[in-house]
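All remarks here apply to the structure that follows.
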Amino acid sequence: MRFTRALVPTVKEAPADATNVSHVLLTRAGFIRRVGAGIYDFLPLGLRVLRKVERIIREEMDRAGALEVLLPALLPADYFKETGRWDRFGDTLFRLQDRKSGDYHLGPTHEEIITDLARREIRSYRDLPKNLYQIQTKFRDEPRPRGGLLRCREFLMKDAYSFDVSEQAAMKSYETMRDAYIRIFDRMGLRYRMVQADSGAMGGSLSAEFQVLVDSGEDAIVACNACTYAANVEVALVKRLDAPEPAPSPLAKLATPGKKTIEEVTAFLQVAPARMLKSLLYVAAGSVVMVVVRGDHDVNEVLVARAVGVSEVFLATEADVRKATGAEVGFAGPVGFSGRVLVDHAATRVENAVTGANETDAHYTGVTWGRDYQGDVVDLRLAKTGDACPQCASGTLASYRGIEAGHIFVLGTHYSAIMGAEYLDEAQKKKPLVMGCYGIGVSRLVATALEQHHDADGIRWPMSLAPYQVHLVNVGKDQAVQAATEELYSALEARGIEVLWDDRDERPGVKFKDADLIGIPLRVTVGGKSLAQGKIELKARTEADPKKATLIARAEAVEFLERAVREG
RNA sequence: CGGGGCGUAGCGCAGCCUGGUAGCGCACUCGGUUCGGGACCGAGGAGUCGGAGGUUCAAAUCCUCUCGCCCCGACCA
């Protein structure tokens with residue numbers, strides 16, 4: 001492609017509202033333009049990257065035996081009403097009505113629609129297993145779209161759904177997808193980690209996220225430095241500690257006027273935060289539960305929700321706290337508390353702890369688990385760097401940040417049971433299809449890849465995702481240079497190499513700056529000086545030194561570049 | 001939904017406090033010089049100042065309402 005015929009509107013200044021690199025660089029390099037909040041145009045370069053992402057995904061999904069379909073984006077409300085998600089999805093659903101006032105919405109995900117297809121078309125165990133996928137635009141009215149392509153209201157997603165005869169067979173489908181995902185993300189040249197994840201409201205039993213490691217990522221994950229354990233902090237566990245030698249002191253009540261926070265109490269009583277019990281009140285499905293963790297630990301709300309058996313919990317309001325404890329906020333504690341108490345395992349190991357007395361301006365000291373208070377002992381604390389690995393003997397956990405690029409689930413029969421998607425087994429018995437679902441954020445990946453591959457000058461696309469493979473630059477107006485560049489351009493195109501030729505009548509500096517910004521992996525420069533020696537210059541975008549270029553004989557250039565492109 | 005902020009030329013911004021008929025940089029057009037890391041000189045084109053209402057002789061500027069957007073938090077199959 002000749003630059004003068006292309007649409008590559010690069011700009012020097014970043015949009016004022018951009019807060020992350022991918023948004024800034026995709027905009028500056030002319031890949032995307034913002035149309036509305038969380039809504040973007042893909043310009044030619046952006047679309048080419050998007051297509052590369054799609055192609056890799058299609059190739060690997062097809063290789064894994066999945067079948068591509070295309071489901072509608074515009075959906076009658078009936079299906080979501082059938083599973084209750086019409087209500088549960090709340091404001092996230094883009095709703096609309098047709099001319100006859102019928103309810104419709106734009107699809108945020110397609111479990112219902114695919115399950116409907118399956119219940120109509122899959123009848124026998126002989127039809128199974130099946131894995132259907134699509135690459136489709138999804139719509140979610142996010143409470144707060146942000147980060148350019150990272151969190152949009154309209155975005156492109158690959159979603160796949162597997163159907164099997166049994167839980168065991170579904171596990172196999174899940175593993176096949178897991179392996180396909182590994183190939184996909186490897187091919188994209190991303191550094192990522194597969195982590196245990198919350199199956200949450202999807203009603204699934206097993207799930208893993210593919211987290212692309214980026215410091216600015218929205219998700220926090222922990223991984224063991226010695227074994228394979230890696231998990232989203234939402235569900236990460238920590239090794240349970242052994243009990244200390246018990247040396248219980250008697251329970252005593254102390255006046256702690258105005259000392260509400262852990263910091264205030266530890267300073268006032270001269271005790272370490274680890275000797276405190278932090279008691280927080282949560283509302284779960286309408287009732288209040290007290291959650292007790294060690295003073296230096298934080299509560300993991302997903303674990304609390306799991307322990308209670310609900311999909312989410314909320315921190316109680318001040319009024320709720322006063323009502324439940326009879327004291328101001330800051331003085332809650334498990335001793336003598338009448339409601340349900342959940343205690344983190346580590347908290348039960350604190351002997352002679354200090355905790356609120358459920359009485360304004362008072363705390364207890366000498367609090368000991370089992371003697372002074374009871375409760376359900378579960379794992380409730382948020383894992384953090386340095387915590388002991390729950391899976392192996394000696395490892396410790398380290399924290400990372402990531403962007404969720406893929407998520408795979410075993411769904412079980414959640415949707416098939418509700419919607420009556422059944423097959424007939426060998427014994428002519430009707431059984432619900434066992435499902436799995438597998439998503440990849442296609443448009444998000446364009447931004448995610450960039451978040452991981454850029455420098456101060458611009459983007460550094462991995463070869464597999466780059467909009468073009470070679471960025472050809474001619475410098476100077478020299479007739480010989482012009483002719484040589486033209487010839488090289490044609491030769492490269494003839495070999496099927498994707499080349500963007502900056503044929504603009506611009507100064508070299510402008511061309512080089514734009515080349516760095518756009519981020520095509522190989523830059524080839526044809527200039528008067530080197531051409532006089534029969535050479536052209538090759539510079540990889542990953543090479544930091546702007547002056548470091550490899551000189552290649554003109555005659556060997558095409559083959560050399562062909563090899564360089566193949567090797568990525 | 002809670003807190004904060006911003007809407008002025010395609011982009012980034014100033015002007016608003018203290019009302020007086022809209023400006024800067026980039027980009028764009030034309031002419032000239034220049035040409036290996038975002039050149040320079042000169043001449044131009046381009047804005048219902050987010051919208052509605054009000055105050056006033058006069059509103060980008062003051063007042064009221066409204067819409068949109070951004071940031072932090074909440075939320076995020």
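Lettering of chains follows the sequences in order, A, B, ..., and the numbering in each one begins at 1. Keep in mind that the numbers below use all heavy atoms, side chains included, and drop hydrogens, waters and symmetry copies.
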For A:Pro143, all residues meeting side-chain contact (heavy atoms from CB on, under 4.5 Å), sequence neighbours excluded:
none
Listed partners of A:His297 passing ring pair (Phe, Tyr, Trp, His ring centres under 6.0 Å), at least two apart
none
For A:Lys12 and B:rA27, is the shortest distance between a side-chain N/O and OP1 or OP2 below 4.0 Å?
yes
Of residues 503-510 of chain A, the positions that come close to RNA chain B - non-hydrogen atoms, cut-off under 4.0 Å
A:Arg507, A:Pro508, A:Gly509, A:Val510
Test side-chain contact (heavy atoms from CB on, under 4.5 Å) applied to A:Leu43 - qualifying residues, sequence neighbours left out
A:Pro9, A:Arg33, A:Asp41
Could you state the CG-P distance from A:Asp91 to B:rC75, rounded to the nearest angstrom?
15 Å
Please report the distance separating the P of B:rU48 from the corresponding atom of B:rG23, rounded so that it comes out in whole Å.
14 Å
Which ones in residues 28-36 of chain A lie close to RNA chain B, meaning a heavy atom under 4.0 Å from one of its atoms?
A:Arg28, A:Arg34
Using both distances under 3.5 Å as the test, list the Watson-Crick or G-U wobble partner of B:rC65, or none.
B:rG51
By side-chain contact (heavy atoms from CB on, under 4.5 Å), which residues pair with A:Glu154, not counting sequence neighbours?
A:Thr137, A:Phe139
Which nucleotide in B:rG38, B:rG37, B:rC69 has an atom nearest any side-chain atom of A:Phe512:
B:rG37
Grab the N/O contacts between the protein and nucleotides 1-12 of chain B below 3.5 Å, and write none if there aren't any.
residue, atom, partner, partner atom, Å
B:rG12, OP1, A:Ala16, N, 3.4
B:rG12, O2', A:Glu13, OE2, 3.1

Nearest-neighbour nucleotide for the A:Arg146 side chain, B:rG36, B:rG37, B:rC75 considered
B:rC75
Across every strand shown, the nucleotide meeting Watson-Crick or G-U wobble geometry with B:rA14 (both distances under 3.5 Å) is none
Assigned partner base of B:rU21, Watson-Crick or wobble definition, under 3.5 Å:
none
Pairwise C1' distance, B:rC49 and B:rG32 [rounded to whole Å]:
36 Å
Going by ring pair (Phe, Tyr, Trp, His ring centres under 6.0 Å), name the residues that satisfy it together with A:Tyr282, two or more places apart in sequence or in a different chain.
none
Polar pair under 3.5 Å, donor/acceptor by atom type, side chain A:Arg151, base B:rC76:
yes
Please compare A:Leu517 and A:Glu301 by the position of their nearest nucleotide in RNA chain B and report the one closer to 5'.
A:Leu517
Is there a Watson-Crick or G-U wobble partner for B:rG42 with both distances under 3.5 Å, and if so, which one is it?
B:rC30
Of all pairs that satisfy salt bridge (Lys or Arg N to Asp or Glu O under 4.0 Å), the ones with a partner from residues 402-417 of chain A, not counting sequence neighbours
none
Kindly write out the residues that satisfy salt bridge (charged side-chain N to carboxylate O under 4.0 Å, His left out) with A:Glu82, not counting sequence neighbours, or none if the list is empty.
A:Arg119
Taken in chain and number order and not counting sequence neighbours, the residues that satisfy side-chain contact (heavy atoms from CB on, under 4.5 Å) with A:Val21 are A:Leu25, A:Glu451, A:His454
Do A:Ser162 and A:Tyr174 get their side chains close enough for a donor-acceptor pair, meaning under 3.5 Å?
no
Tell me, please, which residues at least two apart from A:Thr542 pass side chain to side chain donor-acceptor pair (under 3.5 Å).
none
Say you pick atom C1' in B:rA46 and the same atom in B:rU56; how far apart are they, in whole Å?
31 Å
Could you label the plane-to-plane angle of the A:Phe185 and A:Tyr181 rings as parallel, tilted or perpendicular, counting under 30° as parallel and over 60° as perpendicular?
perpendicular
Earlier contact from the 5' end, RNA chain B, for A:Lys513 and A:Lys138
A:Lys513
Of the options A:Phe89, A:Trp86, A:Tyr79, A:Phe94, which is the one that meets A:His105 in a ring pair (Phe, Tyr, Trp, His ring centres under 6.0 Å)?
A:Trp86
